[in-house]
Amino acid sequence: MASYFSPQYLAVLLPATVGLYAITPQRARRVILLLASYAFFWAVSGSLIVYLLFSTLSIHHLGLWLELTARNGKERLALAESDQRKAIRAGIQRQQRGIILLAVVIHIGLLLTLKYSHFFLSNGNALLRFLHMPAILPVPSFLLPIGISFYTLQAVSYLIDVYRGKIQADHNLFRLALFLGFFPQMMEGPICRYEQTAQRLWEAPPMCWNNFLLGGQRILWGIIKKMVVADRLNIFILNVFSDYDQYNGSIIAVAAICYTIQLYMDFSGTIDVALGSAQLFGVALPENFQRPFFSRTISEFWQRWHITLGTWFKDYIFYPVSMSKPMKKLTSKARKRFGPRYGPILTSSVALLCVWLSNGLWHGSAWNYIFFGLYHFALIFAGNLVQPLVLTVTERLHIDRNHIAYRLMQTLRTCVLVCIGELFFRAEGLKNGLKMAWRIVTDWSFSPILKGNLFAYGIDGPDTVLVALFLVFLLVVGIMQERGVKLGETLVSKSWPVRIAVYYAAICFLVIFGAYGIGYIPVDPIYAGF
């Protein structure tokens, strides 16, 4: 069971779970979900399930410890004299921060050890060799369980929210286990907060026909995006990125665009299957995409792409760093030195840099991922700096910033910048990414495309037409969704002959045009590797 698109998931685990869930009473339904979640984890990662068990048990215990510390502190405050309360509050806060620090060291430390020790130690050895030093650091290699980057962030956010008083510590170990391990969100997210899904999962609502239809529609839509577009583009992308020095710069640019499309179709398609699977059980997971390629700026793009990761970084890295005492002092000084507009921008860039370094490293332990994070940091920082100048220039030139031509120009510019970033994201190392970008600049020619050479590298003419037509269809769907049209609900409201006709047409389209069979390499969901 390699992914949500495998026959084992779509034809065995999910239908079996739905069937058992539908015929069991409420108290048993939550058990069905928990057992299915751990069965899914075991099928993909085997004995590595111990990492999920350890995270669940430790976070549960640390949450109760935080609650006990707060309760004991309140009792001490109630009995203390007024002049003693400040010192008691400070002591309670120190103890609770110590618990949070312990949790971060354990869970983020475990993630760093498993995922990044090879990267850091290998680079340490490279530095020692550069300095002509004989010491060689041992470089271990660890097997990674699925979803560790996702459920670790969920676990840490749960504990921090308990510390902040947003939620109460959960005394029910099994409810917390279901929140962390719910199988539709395990492989690629979305990254949920405790208050969003934990109680709803534990309530285990009865099956609803409307949810069944909406969930099934979304699963089918996600499979089409993955198998018709993302997997069809894979052979071309694999050929170019693995042997880029054999290709003209224009071919590399097309490959970068195709990879950006593939990544979106793959990731958003997987999220569609995840959200659709959860909706079958009446659970609404948070949306992770809001038509990101309609964005007018890079900042807006990241508010629409992988939304739950972005909000996690904002709430648990950006705000804590920017609101810390040292940063407040720095902001005050910068405001006096650079003015009320640029002072806060310059100081908030420190927190922004922390976010984007974390974002790059979260995606993978390689220099190209770090570069990817710094690239987007630079774009957002530069955008914040020049925004006042842009507003001034457009006002003086009487340019309507809401005119469709201006908005289209901004959207196209954003898409180009995103494709450049994805070139480095996909490249097999930072050095190769820089060489590919340089080849685009220095070895550009339209002749390979005009001559049709493009179709000899893994994607032929009919494939190109099919992908282009589907992207046009997706654009129309996106425009309708931007205008508030809820297509899923609209279809469900139609008569059953109409629904059956649409579902049948979609299934036939998938069967006929899905990328599978002889000549196609099975492609695991891309973000499952992160």
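Just so you know, these numbers use all the heavy atoms, side chains as well, and skip hydrogens, waters and symmetry mates. Source: prediction; values computed, not measured.
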May I ask you to decide if L285's main-chain N or O and Q196's side chain share a donor-acceptor pair within less than 3.5 Å? no
Salt bridge (charged side-chain N to carboxylate O under 4.0 Å, His left out) against E482, all qualifying residues, sequence neighbours excluded: R291, R304
Note, F150 side chain near M186 side chain (heavy atom, < 4.5 Å): no
Distance check, rounded to the nearest 0.5 Å: I420 atom CD1 versus H376 atom NE2? 10.0 Å
Evaluation steps, ring pair (Phe, Tyr, Trp, His ring centres under 6.0 Å), between W202 and F281: CA-CA 11 Å; W202 196 245; F281 306 103; over 10 Å; no
Heavy atoms of L491 and Y503 approach each other most closely as CD2-CE2, 3.6 Å
More than 12 heavy atoms of other groups within 6.0 Å of F470 CZ: yes
Could you point out which residue of F372, F313, F377, W302 forms a ring-ring contact (aromatic ring centres under 6.0 Å, His included) with W356? W302
Between N368 and A427 (side chain of the first, backbone of the second, donor and acceptor by atom type, cut-off under 3.5 Å), is there such a pair? yes
More than 12 heavy atoms of other residues, nucleotides or ligands under 6.0 Å from CD of Q168: is that the case? no
If I take atom CG from residue N234 and atom CD1 from residue I459, how far apart are they, to the nearest 0.5 angstrom? 11.0 Å
Determine the minimum heavy-atom distance between T197 and A284, stating which atoms define it. CG2-O, 4.2 Å
Do the side chain of N288 and the main chain of I307 share a donor and acceptor less than 3.5 angstrom apart? yes
Please list, chain by chain and in numerical order, all residues satisfying ring pair (Phe, Tyr, Trp, His ring centres under 6.0 Å) with F513, sequence neighbours excluded. F509
Non-hydrogen atoms of F293 and F301 that approach each other most closely: CE2-CE1, 4.0 Å
Is Y163 reaching over with its side chain to a backbone N or O of R97, donor-acceptor style, under 3.5 angstrom? no
Residue pairs passing the side chain to side chain donor-acceptor pair (under 3.5 Å) test with at least one member in residues 32-61, sequence neighbours excluded, are S58-H107
If only atom types and distance count, is the side chain of D266 paired as donor or acceptor with the main-chain N or O of A230 below 3.5 Å? no
Check: Y116 ring centre within less than 6.0 Å of W362 ring centre: no
Can you see whether Y194 engages D161 through a side-chain donor-acceptor pair at a distance of less than 3.5 angstrom? no
CD of Q481 to CG of L474: how many Å apart, nearest 0.5 Å? 8.0 Å
Sidechain-backbone polar pair: S365 side chain, L361 backbone, donor-acceptor under 3.5 Å: no
One should read off an interatomic distance between I257 CD1 and C415 SG, to the nearest 0.5 angstrom, of 10.0 Å
Please check if the side chain of R200 supplies one atom and the backbone of G282 the other of a donor-acceptor pair under 3.5 Å. yes
Steps toward side-chain contact (heavy atoms from CB on, under 4.5 Å) verdict (R193, D315): CA-CA 11 Å; R193 307 295 174 86; D315 292 343; 3.1 Å; yes
Salt bridge (Lys or Arg N to Asp or Glu O under 4.0 Å) contacts in which one or both residues fall within residues 269-283, not counting sequence neighbours: R218-D272, K225-D272
In Å and rounded to the nearest 0.5 Å, what is the OG to CZ distance from S358 to F318? 12.5 Å
Please assess F473 against V477 for the test side-chain contact (heavy atoms from CB on, under 4.5 Å), listing each intermediate value before the final yes or no. CA-CA 6 Å; F473 176 72; V477 170; 3.9 Å; yes
Walk me through whether K115 and S149 qualify under side-chain hydrogen bond (donor to acceptor under 3.5 Å, both in side chains). CA-CA 9 Å; K115 193 172 180 180; S149 297; 2.8 Å; yes
Report the residue from L220, I219, L214 that forms a side chain to side chain contact (heavy atoms under 4.5 Å, CB included) with Q217. L214
Here the salt bridge (Lys or Arg N to Asp or Glu O under 4.0 Å) pairs for residues 53-70, sequence neighbours left out, are E67-R71
Interatomic distance, CD@Q154 vs CD1@I59, rounded to 0.5 Å, equals 11.0 Å
What's the shortest heavy-atom distance between G222 and F5, and which atoms? O-CE2, 3.9 Å
Under 6.0 Å between the ring centres of F289 and H306? no
Treating T414 as the side-chain partner and R296 as the backbone partner, does any N or O pair qualify as donor plus acceptor under 3.5 Å? yes
Would you please name every residue forming a salt bridge (charged side-chain N to carboxylate O under 4.0 Å, His left out) with D460, sequence neighbours left out? none
Full working for side-chain contact (heavy atoms from CB on, under 4.5 Å) between L263 and F425: CA-CA 10 Å; L263 183 64; F425 188 86; 4.3 Å; yes
Heavy-atom neighbours of L469 CG exceed 12 at 6.0 Å: yes
Checking C508 against Y504 for the side-chain contact (heavy atoms from CB on, under 4.5 Å) test, could you report, in this order, the C-alpha distance in whole Å, the side-chain angles of both residues, the deciding distance, and whether it holds? CA-CA 6 Å; C508 288; Y504 182 74; 3.6 Å; yes
Determine whether Y369 and F119 satisfy the following criterion, ring pair (Phe, Tyr, Trp, His ring centres under 6.0 Å), listing intermediate values before the conclusion. CA-CA 12 Å; Y369 293 119; F119 170 72; 9.5 Å; no
Has R407 got a side-chain atom pairing as donor or acceptor with N402's backbone, closer than 3.5 angstrom? yes
Tell me the closest heavy-atom pair linking Y151 and L52, and the distance in Å. OH-N, 3.6 Å
Are side-chain heavy atoms of L417 and Y375 found at a separation under 4.5 Å? yes
Write down the atom of F179, the atom of Q185, and the distance for their closest heavy-atom approach. O-NE2, 3.0 Å
Could you check whether any side-chain N or O of N359 sits under 3.5 Å from a backbone N or O of V355, counting only pairs where one atom can act as donor and the other as acceptor? no
Judged by modelled atom types alone, do R232 and Q262 share a side-chain donor-acceptor pair under 3.5 Å? no
